[in-house]
Protein chains: 2
Amino acid sequence: MTSEHTPTPEQAATPARPLGRELIVQEAIAMIDEHGLERLTMRSLGARLGVDAMALYRHVNGREDLLEGIVAALVDQIQVDPDGRLGPTEGWQGLLQWLARSVRQIAIDHPRIFPLVATRHPAAPWLRPPLRSLRVVEDFLRGLTDRGFSDTQAVETYRAFTSFLLGHLLLEVAAAGATTGPVEQPLDEGDADLEPHDQSLDVTDYPLITRTRALLSEDHTERDFEVALEALLDRLDLALSQ
Amino acid sequence: MTSEHTPTPEQAATPARPLGRELIVQEAIAMIDEHGLERLTMRSLGARLGVDAMALYRHVNGREDLLEGIVAALVDQIQVDPDGRLGPTEGWQGLLQWLARSVRQIAIDHPRIFPLVATRHPAAPWLRPPLRSLRVVEDFLRGLTDRGFSDTQAVETYRAFTSFLLGHLLLEVAAAGATTGPVEQPLDEGDADLEPHDQSLDVTDYPLITRTRALLSEDHTERDFEVALEALLDRLDLALSQ
DNA sequence: ATATCGGGTTTACGTTGTAGACCGGTCACG
DNA sequence: CGTGACCGGTCTACAACGTAAACCCGATAT
């Protein structure tokens, strides 16, 4: 009877038994979405599932493995090919556009998890986040080679495309996280001395920043994403035709 | 006398007194470079500096602040403008090329720290990693406006350029980290049961991956970086001329 | 009926970040 | 020339975390 109350009064208990890797990962994702990564703890996750923390270890090889599972779960949501098989009318451009938007949607839905997808070490050095599962890469390569790409071209496109996705989406979710609230503090605000490291920073010494402040704060993430994607497609198209 | 030996026998003591924020951050950077982020601990860092862990708190506002300092230190190394002022002969292309390579060099020198630069929340939502300090952004905007960019163009370029850098460099250092050794385990290898989650993954079910395995493993990071940069510059040039 | 075992619990330990008390030297000032 | 402040180190302590190990119990197989 040492702890009768639930340690975190998040939700009392058992959202959907039977306990298993799937459910655990799912609930962990929800938890990060709601409170951020640092608040995902074995104990809190266990509590949320109405179960002792140690129970999780029956289904998951420790916290690292859990994070791995979370990343894998998100990556598995990526659809390389739309359901209604897109005809070769659109060609590879359509495929890449679809895929890009698919990945983008996932990133936006889980802005606090995407950094994990971006930075955790993939299973093999040639897997490039965010397209970091064998299934996705296979489908990607097939999609392109089916549409006339040589193996080399397909692989080069894989590299260019992942770089594009990673840069744009990571910046987009970072911006999203900044507005939503970066971390979720446990409700204190006693600011220390020792150079308070100004929160709302002073910009007066930087004339150009001051001048462009409004411009800098504008949000064009979606448009930027689309035009950069278009530019990439153009570039690839050019590279193909020679 | 509870702990007479140094907790981590890394280096006995005092590499360069006077203790201070600067020195602490510097040594922390060295430590991450050598052993990885998760092995950077207040106690180990203190030990490395020949000092009690708590001494660090006199100069640093806790671990988070230390990480902030590390990121800031790296970003401060970025040189927007070469020392020998480059004439307007090169124009803005030269500037961006120089800057890109400057940032890239830093990323490569600290592959285990760059992810921090990439993913930690900047001081303001409109600061975009890796160009995430006021000084760098100011110099960046000045460099461009000095060369004929409008404010809007300069800001748009800032966005495009940071996306480019982040995507390419993050993937490059991830690949680097994968070869060097991702984490630095404390020397055990007793593999658990529970689906060993295959380390050297099996690729036989993925014909296209199998076929392009060699291609996928080739390393073209530098070339890719340069050609993507060139493409970006072309795109910007085009956007400028209309 | 009884042995097995999957899957939960309890307890305990080591490691981490960090608060807070202590404490010794140095330096300003009466 | 004391004497107090204070700067910057130490020591001790604690809560939170990940997780190993032992336990335990109900269903199921023999």
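Computed from heavy atoms alone, side chains included, the values below leave out hydrogens, waters and symmetry copies. Just so it is clear: chains get the letters A, B, ... in the order the sequence lines come, proteins before strands, and each one is counted from 1.
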Picking from C:dT9, D:dG18, C:dT18, the nucleotide nearest the side-chain atoms of B:Arg63 would be C:dT18
B:Leu56 CG to C:dT16 P, in whole Å, measures 14 Å
Query raised in the report: Do you see a donor-acceptor pair shorter than 3.5 Å between the side chains of A:Thr221 and B:Arg159?
Result: no
When rounded to whole Å, the CD to P distance for the pair A:Glu38 and D:dA15 reads 22 Å
note: A:Ile24, atom CD1; C:dG7, atom C1'; distance rounded to Å ~ 11 Å
Between CZ of A:Arg21 and C1' of C:dG6 the distance, given in whole Å, is 18 Å
Quick note, A:Met42 side chain, CB onward, closest among C:dG17, D:dG18, C:dT10 is D:dG18
Whole-Å distance, B:Asp52 CG to C:dT18 C1', equals 12 Å
Exercise. Side chains of B:Val103 and B:Trp98: closer than 4.5 Å at any heavy-atom pair?
Worked result: no
Output for pair (A:Leu201 CG, B:Ser133 OG), nearest 0.5 Å, gives 10.5 Å
With a cut-off of less than 4.0 Å, is there a side-chain N or O of B:Thr41 near OP1 or OP2 of C:dT15? no
Picking from C:dT16, D:dG8, D:dG18, the nucleotide nearest the side-chain atoms of B:His59 would be D:dG8
Between CG of B:Leu23 and C1' of D:dG8 the distance, given in whole Å, is 15 Å
note: A:Asn61, atom CG; D:dT19, atom P; distance rounded to Å ~ 10 Å
Of D:dA13, C:dT10, D:dC11, the nucleotide closest to the side chain of B:Arg43 is D:dA13
Out of D:dT10, D:dG18, D:dA21, minimum distance to the side chain of A:Met54 belongs to D:dA21
Any A:Val137 side-chain heavy atom under 4.5 Å of A:Leu134 side chain:
no
Discussion item. Are there over 12 heavy-atom neighbours, none belonging to B:Gln77, within less than 6.0 Å of that residue's CD?
Written reply: yes
Rounded to whole Å, CZ of A:Arg39 lies from P of D:dG18 at a distance of 13 Å
Among D:dG18, D:dC11, C:dT10, the one nearest any side-chain atom of A:Tyr57 is D:dG18
